[in-house]
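Okay, so here's the structure we're looking at.
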Amino acid sequence: MSDSIHLTDNRTGKSYDLPVTHGTIRAMDLRQIKTGPEDFGLMTYDPAFMNTASCMSSITYIDGDRGILRYRGYPIEELAAKCTFLDVAWLLLNGELPNSEESVEWAHKIRYHTMIHENLKKFMEGFRHDAHPMGMLMSTVAALSTFYPESRDVKNKQSRKMQIMRLIGKMPTIAAYAYRHNLGLPYVYPDNTLGYTSNFLSMLWKMTEPKYDANPVLAKALDILFILHADHEQNCSTNTMRAVGSSQADPYLSLAAASAALAGPLHGGANEEVLLMLDEIGSLSNVHAFVDKVKAGQCKLMGFGHRVYKNYDPRAKIIKQTAEEVFKVTGANPKLEIAIELEQIALRDEYFIKRKLYPNVDFYSGIIYQAMGFHPAMFTVLFAIPRTVGWLTQWQELVDDGEQKIARPRQIYTGHDERHVGQPVEEHAVSVAR
Ligand code: SDX
């Protein structure tokens, strides 16, 4: 038996042996299958890439049936329990966990890049007071591109490293500034004596006190949530990062595009939608009626379902455990009991079981964020900050992958055959209203 498949084209009677590697055939191997010299050759048709591998990657492994998620081989459960977000960022970017010296230097380097140019504050002040933070975040990230034109040299490894540190350092600052803009509060500069998440909380919530004292339980919970959201192989926004990056756009513009994809309610925008859904349900007594609406196809159960996980999202389990720690500090979020009731009903109901719909990363994260004091509009921003590491890691892998070229899918044309313009429409004198 060989690692190949044998195909017979019934249109011509010809047979072909196509090699199978990594459980795939190369789509380009199909092009030899033709009905004649004029035939372009066989293609695959795969809307939404349901069954198409776009790259080879050694970063993140997901087994959707078994609910497994690993970054560079390490189970997410162990990373969340034993590491810091910045150490996980180093792991994703460099392939190994940092030693203590590397860890200290890395944290120092990131802290060194938390400030943003004063002109960017003016740029952000141009937004309406109620501008959605994701709109402000992605626009400001794109604007960063104009401050670092050297970032266009994407083949320069040193420049890439610098832009990566800048983005990881600056994302929390931009996010916090967007939040403060919505509240009409003055921006709080980074306090580089603080850790990554404590500094972020300080920029969000420091008022007139001389130094913000972040609650260590909340800072740790946010660090764990950042680890859980750091990467997730070829999801919609990462695919966007790779597609835009494949044109050799700079990492700021590519990351702004990825942020735009994340903002969609079916993707990273789902955590905000979950809270709006729980608000709509309002009380335990309404849960069953809402589930009936979902089953009637009138709406989706936001925070449920996943393209890859056909079992419980391992991140949702860890988030649920983290919620208990947060609620000890903040007090329980009353919406938690509605969420738990929804989950209990859905996990027993044939509609959800048949479709393998389980809670995903977004189902419980919003409940924690709200309990911590975040407005739902900030939830996707809280997803984008850590996913910046995953987007940049995937982008870096793309740029270094000799097999990759500019992404340009084919299509099945369903439009008109050639046709010709008739007599040009007579120019009618435009009557100017007197
Ligand atoms: C993220 O890809 C990633 O890795 C993403 C992510 C990451 O870390 O990057 O994990 C983050 O985006 C998590 C997903 C967050 N989105 C939501 O919670 C929104 C609600 N979920 C759905 O929209 C949906 O489950 C998706 C978008 C997540 C997945 O969609 P698929 O794989 O295209 O599945 P589908 O829409 O084809 O659904 C299959 C069936 C359909 O029913 P039938 O037509 O067969 O009758 O399941 C139903 C769907 O209607 N279905 C749901 C549902 N999700 C799917 N029905 C009710 N509620 C839902 N949430």
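Remember, it's 1-based here, ligands and their atoms both numbered in the order they're listed.
Residue contacts with ligand 1: D313 is placed with no nitrogen or oxygen under 3.5 Å of a nitrogen or oxygen of the ligand (distance criterion only). When only interatomic distances are considered, the shortest N/O to N/O separation between K310 and ligand 1 does not fall below 3.5 Å. For the pair V361 and ligand 1, the shortest N or O to N or O distance does not fall below 3.5 Å.
For atom 20 (C) of ligand 1, the closest non-hydrogen atom on the protein side is F304 O, 3.4 Å. Protein heavy atom closest to atom 16 (N) of ligand 1, with residue, atom name and distance, is L266 O, 2.8 Å.
For D362, every heavy-atom contact with ligand 1 shorter than 4.0 Å involves the side chain, none the backbone. Only side-chain heavy atoms of R355 come within less than 4.0 Å of ligand 1; its backbone N, CA, C and O stay farther off. With a 4.0 Å cut-off on non-hydrogen atoms, M277 does not touch ligand 1 at all. Both the backbone and the side chain of H306 come within contact range of ligand 1, each with a heavy atom under 4.0 Å.
The ligand atoms of ligand 1 that sit less than 4.0 angstrom from a heavy atom of R307 are 29 (C), 31 (P), 32 (O), 33 (O). Residue N235 approaches ligand 1 through these ligand atoms, each under 4.0 Å from one of its heavy atoms: 2 (O), 3 (C), 4 (O), 5 (C), 9 (O). Interface of A270 with ligand 1, defined as ligand atoms under 4.0 Å from a residue heavy atom, comprises 15 (C), 16 (N), 17 (C), 18 (O). Each of the atoms 57 (C), 58 (N), 59 (C), 60 (N) of ligand 1 lies under 4.0 Å from some heavy atom of L301. Residue contact check: V294 has heavy atoms under 4.0 Å from atoms 57 (C) of ligand 1.
A cation-pi arrangement is found for R355 relative to Y351, the charged atom lying closer than 6.0 Å to the ring centre and inside a 45° cone about the ring normal.
With sequence neighbours excluded, no residue forms a salt bridge (charged side-chain N to carboxylate O under 4.0 Å, His left out) with E337. For E125, there are no salt bridge (charged side-chain N to carboxylate O under 4.0 Å, His left out) partners, not counting sequence neighbours.
Inside a 4.0 Å radius of atom 26 (C) of ligand 1 there is not any protein heavy atom. The nearest protein heavy atom to atom 8 (O) of ligand 1 is closer than 4.0 Å.
The minimum heavy-atom distance linking I281 with L342 is given by the pair CD1-CD1, 3.7 Å.
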